Amino acid sequence: MMTRTRFAPSPTGNVHIGNMRAAIFNWLYARHTGGKFLLRVEDTDRERSTPEAISALLDAMDWLGLDVDEEPLYQSTRMDAHLAAAEQLLAAGHAYKEDKGGTGQGECIIFKMPQEDMIFEDEIKGTLKKAAADTQDFVIVRSNGTPVFHLANVLDDIEQGITHVIRGDDHIENTYRHVALYKALGAPVPKFAHLPMIINAQGKPYSKRDGDAFVGDFKEKGFLGETLFNYLALLGWSPGDDREVMTRDEMIAAFELTSCKSSPAQVDLRKLVWMNGEYIRAMKPAAFSEMARNELSAAGVDVGADADAVFELMQSRTKLPSEIGPATAFFFTDDFEYDQKAVEKKLLKEGVFQTLEKIAEIFQTLETFDEATVDKALHDFVEQSGLGFGAVMPPIRIAVSGQQSGPDLAPVLTILGKDNVLARIAKTIERFS
RNA sequence: GGCCCCAUCGUUCAGCGGUUAGGACACCAGGUUUUCAUCCUGGUAACACGGGUUCGAUUCCCGUUGGGGUCACCA
């Protein structure tokens, strides 16, 4: 039988990181088994399920590369079917009507839990059971005539032919009810796999107050969709060996529900950042350039046409796109800021200006200003002057960039160009003299 | 509180009766580099506790502790 999994979020505008991880696991399992991955939008809360919220959901899935195999099912279109099923359960004696609590709200339809111990095999947690005494009847249709989550969820899973329900383990208690519902409805019971929760640094479930609880937060910070996908896949699952940074195909090939852990995991932002750097370094240079351009243009920086040489220097040292702007600002403007600490530490010292003047003289005489020539001139000067690299390179770097660290100096100077380098050295001397 | 789930370095993932308890991130030290990042080498660091079972428990069972979930006419 072909595997059919689904992601069934209720669109609220922001997609929670825990929900998205469940989506990833569903997707991975469907792909691993050659089955289908479906989307069901549980949009019965008309207040929150706005078109914007739905498109935010779709965008988030698209960003993470979670492609679906069939048209999404919108739960709001299924109310008649849900209500019809409730009538069916009523007729079969699996449900009854009652003005619950005698509140005068009118009668709701209540599902009668079977008087037997409930048990099911969870793909991750093993055998899960519940004594009959610990289960209770529950409302499936409200007194206002609308279906409740349990009914709608189960019926839609049946409608979509879901074979594996992979969701957070906060649904374990619901599962006993759902299993009873499937049976009462005469439908085959799917397999269940309950994933451990993702928790925050305090060991509590992520809430809005923690920040970084939503997929959009990570996108805004410059994480790549591939990074988040890979990282989240590794939260509660591993291929069984030491691989961590993996391609999608590798993850698909190795994914097994039975190798998922059942204890909660917490997001380690530092490792996420590291992994993002790994993905960035693996990008094609052209893709990195494009990303850098977008980043800088969003920051209002005009990089001109040929900034690729700059980006090439940056790729291996970038972990988050947001680092690119500050690190490369001096390439695109003569009006860059000087790092005060660097100036005090390396520039305002005995003899430094004389060194800069001598370097400028040497540069002046260079007929070509390519990387090899500049590099050689620098080395020759260090050797002849007996000053040492530490007394020569830092001042030059600060003079042309205002910063005390950055990419290799020779290529930086080459990209800036001879005239510009000379002008900046002169300007720096004048300013700090 | 009832019921349920969970428990290996700071974090994450291995380990599935006998291991010097391993990898990754982070951290520390050294090397490479003009600086920073990268890269290379090495290091610090964990089986929550108590009982069993067993020749032998991180591993199996029970309990304790701790954390989490769930007990709606929310989803």
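Here the structure is a predicted model, which means the values were calculated and not measured. Below, chain A is the first sequence line, B the second, and so on; all start at residue 1.
Taking Lys97(A) as the reference, nothing meets the side-chain hydrogen bond (donor to acceptor under 3.5 Å, both in side chains) condition, with sequence neighbours excluded.
Counting any heavy atom pair closer than 4.0 Å across all strands shown, Ile396(A) reaches no nucleic acid atom. Gly236(A) comes within contact range of the sugar-phosphate backbone alone, with a heavy-atom separation under 4.0 Å but no base atom that close. Within the nucleic acid shown, His171(A) comes within 4.0 Å of at least one base atom, counting heavy atoms only. At a threshold of 4.0 angstrom between heavy atoms, the contacts of Leu409(A) include nucleobase atoms, whether or not backbone atoms are also involved. Within the 4.0 angstrom heavy-atom criterion, no nucleotide atom of any strand lies near Gly388(A). No contact: Asp339(A) has no heavy atom under 4.0 Å from any strand. Within the 4.0 angstrom heavy-atom criterion, no nucleotide atom of any strand lies near Ser401(A). Within the 4.0 angstrom heavy-atom criterion, base atoms lie near Asn174(A). Residue Pro239(A) is classed as having no contact, given no heavy-atom separation below 4.0 Å to the nucleic acid. Among the atoms of the strands shown, base atoms are found under 4.0 Å from some heavy atom of Gly406(A). As judged by a 4.0 angstrom heavy-atom cut-off over every strand, Gln105(A) is placed among the base-contacting residues.
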(request) For nucleotides 1-9 of chain B, just jot down a letter per nucleotide in 5' to 3' order: B, S or -, based on protein non-hydrogen atoms under 4.0 Å. (result) --BSSSS--
(message) Counting primed atoms plus P, OP1 and OP2 as sugar-phosphate and everything else as base, spell out the protein contacts along nucleotides 37-45 of chain B at 4.0 Å heavy-atom distance: B, S or - for each nucleotide, 5' to 3'.
(response) BSS------
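For Ala265(A), the listed nucleotide lying nearest its side chain is rC13(B); candidates were rU34(B), rC13(B), rA75(B). Out of rG10(B), rA75(B), rA14(B), the shortest distance to the side chain of Ser238(A) is found at rA14(B). Nearest nucleotide to the side chain of Phe149(A), out of rC73(B), rA75(B), rU35(B): rA75(B). Side-chain atoms of Lys100(A) lie closest to rC73(B) of the nucleotides rG10(B), rC73(B), rG23(B).
Whole-Å rounding puts the Met275(A) CE to rA26(B) P distance at 11 Å. Note: CZ (Phe389(A)) to P (rU33(B)) measures 9 Å, nearest angstrom. Atom P of nucleotide rA75(B) and atom CG of Asp45(A) are separated by 8 Å, given to the nearest angstrom. Rounded to whole Å, atom C1' of rC71(B) lies 14 Å from atom CZ of Phe138(A). To the nearest angstrom, C1' of rA75(B) lies 10 Å from CG of Asp170(A). The CZ atom of Phe223(A) sits 16 Å away from the P atom of rC25(B) (whole-angstrom rounding). Regarding Glu107(A), its CD atom lies at a distance of 15 Å from the P atom of rC73(B), rounded to whole Å. Whole-Å rounding puts the Asp242(A) CG to rU12(B) P distance at 17 Å.
Spacing of C1' atoms, rG17(B) relative to rU59(B), comes out at 7 Å, to the nearest Å. Comparing the P positions of rG63(B) and rC4(B) gives a spacing of 10 Å, expressed to the nearest Å. Separating the C1' atom of rG18(B) from that of rC13(B) is a span of 24 Å, rounded to the nearest Å. Going from the C1' atom of rA7(B) to that of rC62(B) covers 16 Å, rounded to whole Å. Comparing rC16(B) with rA57(B), their C1' atoms sit 13 Å apart, to the nearest whole Å. Between rU32(B) and rG42(B), the two C1' atoms lie 15 Å apart (nearest whole Å). Comparing the same atom, C1', in rG51(B) and in rU41(B) gives a spacing of 45 Å after rounding to whole Å. For the C1' atom pair drawn from rC71(B) and rC61(B), the interatomic distance equals 29 Å after rounding to whole Å.
A cation-pi arrangement, defined by a distance under 6.0 Å to the six-membered ring centre and an angle within 45 degrees of its axis, is absent between Arg78(A) and Tyr74(A). Both the sub-6.0 Å distance and the 45° axial angle are satisfied by Arg248(A) relative to the ring of Trp27(A). Relative to the ring axis of Phe336(A), Lys427(A) places its NZ or CZ within 45° and under 6.0 Å from the centre.
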(message) side-chain contact (heavy atoms from CB on, under 4.5 Å), that's the test. Do Phe432(A) and Ile398(A) meet it? Break it down for me.
(response) CA-CA 12 Å; Phe432(A) 293 101; Ile398(A) 295 166; over 6 Å; no
(message) Show, in sequence, the C-alpha distance, side-chain angles and deciding distance for Leu39(A) and Leu66(A), and conclude whether the side-chain contact (heavy atoms from CB on, under 4.5 Å) test is met.
(response) CA-CA 10 Å; Leu39(A) 172 64; Leu66(A) 300 176; over 6 Å; no
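Under 4.0 Å is where a charged nitrogen must lie from a carboxylate oxygen, and between Arg293(A) and Asp308(A) at least one such pair does. Between Glu116(A) and Lys183(A) there is no salt bridge, since none of the side-chain N atoms of the basic residue sits less than 4.0 Å from a carboxylate O of the acidic one. Between Arg270(A) and Asp268(A) there is a salt bridge, since a side-chain N of the basic residue sits under 4.0 Å from a carboxylate O of the acidic one. Salt bridge Asp157(A)/Arg6(A): present, at least one basic N to carboxylate O contact under 4.0 Å.
If you find the closest nucleotide of RNA chain B to Ala410(A) and to Gln266(A), the one lying nearer the 5' end belongs to Gln266(A).
For the residue pair Asp156(A)/His82(A), the side-chain donor-acceptor check at 3.5 Å is satisfied.
Base pairing annotation: rU65(B) forms a Watson-Crick or G-U wobble pair with rA7(B), both donor-acceptor distances under 3.5 Å. Searching all strands for a Watson-Crick or G-U wobble partner of rA21(B) with both distances below 3.5 Å returns nothing. Under the Watson-Crick or G-U wobble criterion, with both distances below 3.5 Å, rA72(B) has no partner in any strand shown.
Between Tyr176(A) and Met113(A), the shortest heavy-atom contact is O-CE, 3.9 Å.
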